[in-house]
Amino acid sequence: MPRVIQAYCRYVDAFNRGLGTIVMYLIFVMIGVLLFASLTRYVLNIPFIWIIELSQFLMAAYWVLGGPYSMQLNTHVRMDVCYERWRPRTKGFWDSLTAFCLIFYLVILFRGGLGSTGYALEHGQRNYSAWAPLMWPIKAIMTFGIGLMILQAVSI
């Protein structure tokens, strides 16, 4: 295999491994945010309107930024109806076919994410809620995560 491809795979894998290792601790941030919500609402009787929405944004970032690391470790969900009974050559064929479908889907998703993020930046888009946070940060994070997923799919 050419050195350029080896270097690409090594750098993409290392970046996604490092980011995935950091992002997996977002679960504790989400737990802290939701615990804070419970304490303020039921103990202090002071409900905050932004807590649930913030935890949803954190969950989206957790899921999208952790996806490439999950792909790298091969821990994503797979339908195993027939796959385990197939010969390695058949598995390889279907893995290649689904990889191309995945990359095509992710590229379309990435293009939409870029457009949506650009729109949110240009128009100062806010969420339709009482808190009304700006939408571009979460859209940018999601688009970045989809880009990393494309790089990881190519690396695999």
Side-chain angles (χ1 to χ4, degrees), residues 1-35 50-129 131 133-156:
M1 188 178 309
R3 286 191 157 168
V4 173
I5 295 174
Q6 288 177 350
Y8 170 82
C9 292
R10 188 172 42 250
Y11 288 123
V12 167
D13 289 352
F15 184 80
N16 285 332
R17 186 179 317 109
L19 184 63
T21 303
I22 293 167
V23 166
M24 73 179 171
Y25 292 108
L26 269 180
I27 195 80
F28 297 115
V29 175
M30 284 186 286
I31 289 170
V33 167
L34 293 172
L35 180 64
W50 52 267
I51 291 181
I52 298 301
E53 203 164 12
L54 177 64
S55 64
Q56 290 171 343
F57 288 165
L58 288 171
M59 184 58 159
Y62 175 77
W63 182 78
V64 170
L65 295 176
Y69 185 54
S70 175
M71 282 178 70
Q72 184 182 45
L73 297 179
N74 202 19
T75 56
H76 54 281
V77 177
R78 176 178 293 170
M79 280 292 278
D80 254 353
V81 177
C82 302
Y83 189 83
E84 284 303 313
R85 290 181 266 174
W86 290 342
R87 293 185 305 245
R89 186 177 174 99
T90 307
K91 287 181 183 181
F93 169 77
W94 284 105
D95 285 346
S96 299
L97 182 66
T98 56
F100 285 116
C101 292
L102 172 68
I103 291 170
F104 176 76
Y105 172 74
L106 288 172
V107 167
I108 298 297
L109 205 59
F110 185 72
R111 286 189 61 212
L114 286 175
S116 184
T117 304
Y119 178 85
L121 276 168
E122 185 179 330
H123 297 287
Q125 183 183 17
R126 294 184 172 272
N127 200 10
Y128 298 110
S129 67
W131 179 33
L134 287 170
M135 292 303 293
W136 72 262
I138 191 63
K139 288 184 177 192
I141 289 169
M142 292 177 73
T143 304
F144 179 69
I146 293 166
L148 291 178
M149 191 96 67
I150 293 170
L151 295 176
Q152 187 63 49
V154 170
S155 174
I156 290 172

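No hydrogens, no waters, no symmetry mates; every other heavy atom, side chains included, goes into these values. All residue numbers refer to positions in the sequence shown, counting from 1. Since the structure is predicted, the reported quantities are computational estimates derived from the model, not experimental observations.
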_Could you check whether atom OH of Tyr11 has more than 12 heavy atoms from other residues, nucleotides or ligands sitting under 6.0 Å from it?_
no

*asked:* The test is side-chain contact (heavy atoms from CB on, under 4.5 Å); show your working for Glu53 and Ile138 and say whether it passes.
replied: CA-CA 11 Å; Glu53 203 164 12; Ile138 191 63; over 6 Å; no

*From CD1 (Ile22) to CG (Leu65), nearest 0.5 Å*: 10.5 Å

*Find out whether Leu102 and Met71 are in side-chain contact, i.e. whether some heavy atom of one side chain is under 4.5 Å from a heavy atom of the other.*
yes

*Which heavy atom in Ala14 sits nearest to a heavy atom in Gln72, and how many Å separate them?*
N-NE2, 4.4 Å

_Pairs touching residues 104-123 that satisfy side chain to side chain donor-acceptor pair (under 3.5 Å), sequence neighbours left out_ = Ser116-Lys139, Thr117-Thr143

_With a 3.5 Å distance limit and no angle check, can you tell me whether Ser155 reaches the backbone of Leu151 through a side-chain donor-acceptor pair?_
no

*CE of Met59: more than 12 outside heavy atoms within 6.0 angstrom?*
no

*Non-hydrogen atoms of Ser55 and Leu34 that approach each other most closely*: OG-CD2, 3.7 Å

*Please name the pair of heavy atoms, one in Phe15 and one in Leu148, separated by the smallest distance, quoted to 0.1 Å.*
CE2-CD2, 3.6 Å

*Should Val12 and Gln152 be marked as a side-chain contact (heavy atoms from CB on, under 4.5 Å) after you check the CA-CA gap, both sets of side-chain angles, and the distance that decides it?*
CA-CA 6 Å; Val12 167; Gln152 187 63 49; 3.7 Å; yes

_Nearest atoms (heavy-atom pairs only) where Ser129 meets Pro133_ = OG-CD, 3.8 Å

_Residues Tyr69, Thr75; criterion side-chain contact (heavy atoms from CB on, under 4.5 Å); working and verdict_ = CA-CA 9 Å; Tyr69 185 54; Thr75 56; over 6 Å; no

_Within the 4.5 Å heavy-atom criterion, are Val29 and Tyr62 side-chain neighbours or not?_
no

*Work out which heavy atom in Pro68 is nearest to a heavy atom in Gly145; give both atom names and the distance.*
CG-O, 4.0 Å

*Would one find more than 12 heavy atoms of other residues, nucleotides or ligands at under 6.0 Å from atom CH2 of Trp63?*
no

*Side chains of Leu109 and Ile150: closer than 4.5 Å at any heavy-atom pair?*
no

*Does Gln125 reach the main-chain N or O of Met135 with its side chain, forming a donor-acceptor pair under 3.5 Å?*
no

*asked:* If I take atom CG from residue Leu58 and atom CE from residue Met30, how far apart are they, to the nearest 0.5 angstrom?
replied: 6.5 Å

*Which value, rounded to the nearest 0.5 Å, describes the distance between Met149 atom CE and Ile103 atom CD1?*
12.0 Å

*Under the 3.5 angstrom rule, does the side chain of Thr98 hit a backbone N or O of Trp94 as a donor-acceptor pair?*
yes

_To the nearest 0.5 Å, what is the distance between CD1 on Ile108 and CZ on Phe110?_
12.0 Å

_Pairwise side-chain contact, Val64 with Ile141, heavy-atom cut-off 4.5 Å (strictly under)_ = no

*asked:* Testing the basics here: between Met1 and Gln6, what is the closest heavy-atom pair and its distance to 0.1 Å?
replied: O-NE2, 3.5 Å

*Does the side chain of Asp95 pick up a donor-acceptor pair with the side chain of Tyr83 at under 3.5 Å?*
yes

*Pairwise distance CD1(Ile31) to CG(Leu35) - rounded to 0.5 angstrom*: 9.0 Å

*Mind running side-chain contact (heavy atoms from CB on, under 4.5 Å) on Asn127 and Phe57 for me, showing each step along the way?*
CA-CA 11 Å; Asn127 200 10; Phe57 288 165; 4.3 Å; yes

